[in-house]
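As the structure lists them, so they are numbered: ligands from 1, and atoms in each ligand from 1.
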Amino acid sequence: MATANTAVLTSLDAKIHSLADIIAVFNRDGGVIVHNMLSDEVRDNLRSELAESMQSTTAGTQSSDKGVQEFWGSNTKRFTRLSYRSKTFRDLVLVHPLLRGVADNELGPHCASYWMNTGQAMIIGPGEKAQWLHRDADNWPLILGPTAKPVTVSCMFALSEFTAENGATRVVPGSHKWDDFSRKADDSEVTQAVMPAGSALIYSGTVLHGGGANTTNAEWREGMHLSFLVGWLTPEEAGCIGIPEDIARTLSPLQQQLLGYRCYTGDVKAARLWTIDYEDIPVGMKWE
Ligand SMILES: O=C(O)CCC(=O)C(=O)O
């Protein structure tokens, strides 16, 4: 007999609930839906600044690796360099105060600073099948496990409405606290982050999740992922290569640091990572 589905994701509202409320649910469930993370105006600007890339990017990967092909999805469009492609992204999403509040709380105790792991459009097209469930911290397997410290925090912004049919992210609430990370989730433990446009799913690097199947005929689910990573680990995206120096020079120190235009220093005596000439990265450096 099939087991009843008991998996639930809690929805809060950025206009009503405090950061402490959001962190409490995030800690309990490993994921929380937050409504009103993006205003209509910000979302419209993001969509129009990213429209050309959304159109011109072809679905699926160019990699010949079968694992990458399957993970990516054959009818899913992905692209990064969002800070280069969109001023609204770099000014209002990359430094989103609520998301940074969650990341400060989750990652702050384990690093001197964290940086962008990746900012990635994840646009799931009709006919796409469900992605395998995974943990974002799978990227760093030697430090993944039930007793490991958190190293990454992720957020999936809904640029269009996320429905059960168009591929809303599948999540296994509570799986960040499992004693055994090799355990497979039962169907009854999986729910979906169904949410209106402008909302976001903020989730732990150790919660099981994956893109949902898109069973619609013509709807593209427009997701925009942003994740942060402790500054002493290598991120998924080469953030600073993705944004030219002439734009980087105009950004705030925080934006520069999140994008990898600053060195990592501070939590261990004399630790200095990601340097040039063993100095902080001088934006606008002359290449001689
Ligand atoms: O598209 C989604 O909803 C999630 C995708 C995901 O988790 C990933 O590609 O790492």
Step by step, work out the side chain to side chain contact (heavy atoms under 4.5 Å, CB included) result for Phe89 and Leu50.
-> CA-CA 10 Å; Phe89 180 87; Leu50 297 175; over 6 Å; no
Atom indices of ligand 1, in the order listed, that fall short of 4.0 Å to a heavy atom of Met122 | 1 (O), 5 (C), 8 (C), 9 (O)
Parallel, tilted or perpendicular: which describes the rings of Phe228 and Tyr114, with under 30° parallel and over 60° perpendicular?
-> tilted
Of the options Arg47, Lys77, Arg43, which is the one that meets Glu222 in a side-chain hydrogen bond (donor to acceptor under 3.5 Å, both in side chains)?
-> Arg47
Is there a path of hydrophobic side-chain contacts, each under 4.5 Å between heavy atoms of I, L, V, M, F, W or Y residues, that connects Leu19 with Leu38?
-> yes
Start with the C-alpha gap between His176 and Asn27, add the side-chain angles, then the distance that decides, and say whether side chain to side chain contact (heavy atoms under 4.5 Å, CB included) holds.
-> CA-CA 9 Å; His176 63 312; Asn27 286 340; 5.8 Å; no
For ligand 1, is His225 a contact, meaning one of its heavy atoms is under 4.0 Å away?
-> no
Positive for ring-ring contact (aromatic ring centres under 6.0 Å, His included) with Trp115, one of Trp274, Tyr264, Tyr261 = Trp274
Report whether Val171 and Leu144 are members of the same hydrophobic cluster (ILVMFWY, side-chain heavy atoms less than 4.5 Å apart, transitive linking).
-> no
Report the nearest protein non-hydrogen atom to atom 5 (C) of ligand 1: residue, atom name, distance rounded to 0.1 Å.
-> Gln131 OE1, 3.2 Å
Got the closest protein heavy atom to atom 4 (C) of ligand 1, with its distance?
-> Gly211 N, 3.5 Å
Should the ring pair His96 and Phe157 be called parallel, tilted or perpendicular, given that the plane angle runs from 0 to 90° and is split at 30 and 60?
-> tilted
What part of Arg78, side chain, backbone, both or neither, has a heavy atom within less than 4.0 angstrom of ligand 1?
-> side chain
Protein heavy-atom partner closest to atom 10 (O) of ligand 1 - residue, atom, separation in Å = His134 NE2, 3.1 Å
Numbering as shown, the atoms of ligand 1 that approach His209 to under 4.0 Å (heavy-atom distance) | 7 (O)
Are Arg221 and ligand 1 in contact, using a heavy-atom cut-off of under 4.0 Å?
-> yes
Proximity flag Phe71 to ligand 1, non-hydrogen atoms under 4.0 Å | yes
Enumerated ligand 1 atoms positioned under 4.0 Å from heavy atoms of Met156 | 1 (O), 2 (C), 3 (O), 4 (C)
Would you say Tyr203 and ligand 1 have an N/O pair spaced under 3.5 Å apart?
-> no
Tell me, please, whether Tyr278 has Arg272 positioned over its six-membered ring: NZ or CZ under 6.0 Å from the ring centre and within 45 degrees of its axis?
-> yes
What part of Arg135, side chain from CB on, backbone N/CA/C/O, both or neither, has a heavy atom under 4.0 Å from ligand 1?
-> neither
Which of the ligand 1 atoms, numbered from 1, are nearer than 4.0 Å to a heavy atom of Thr169 | 2 (C), 3 (O)
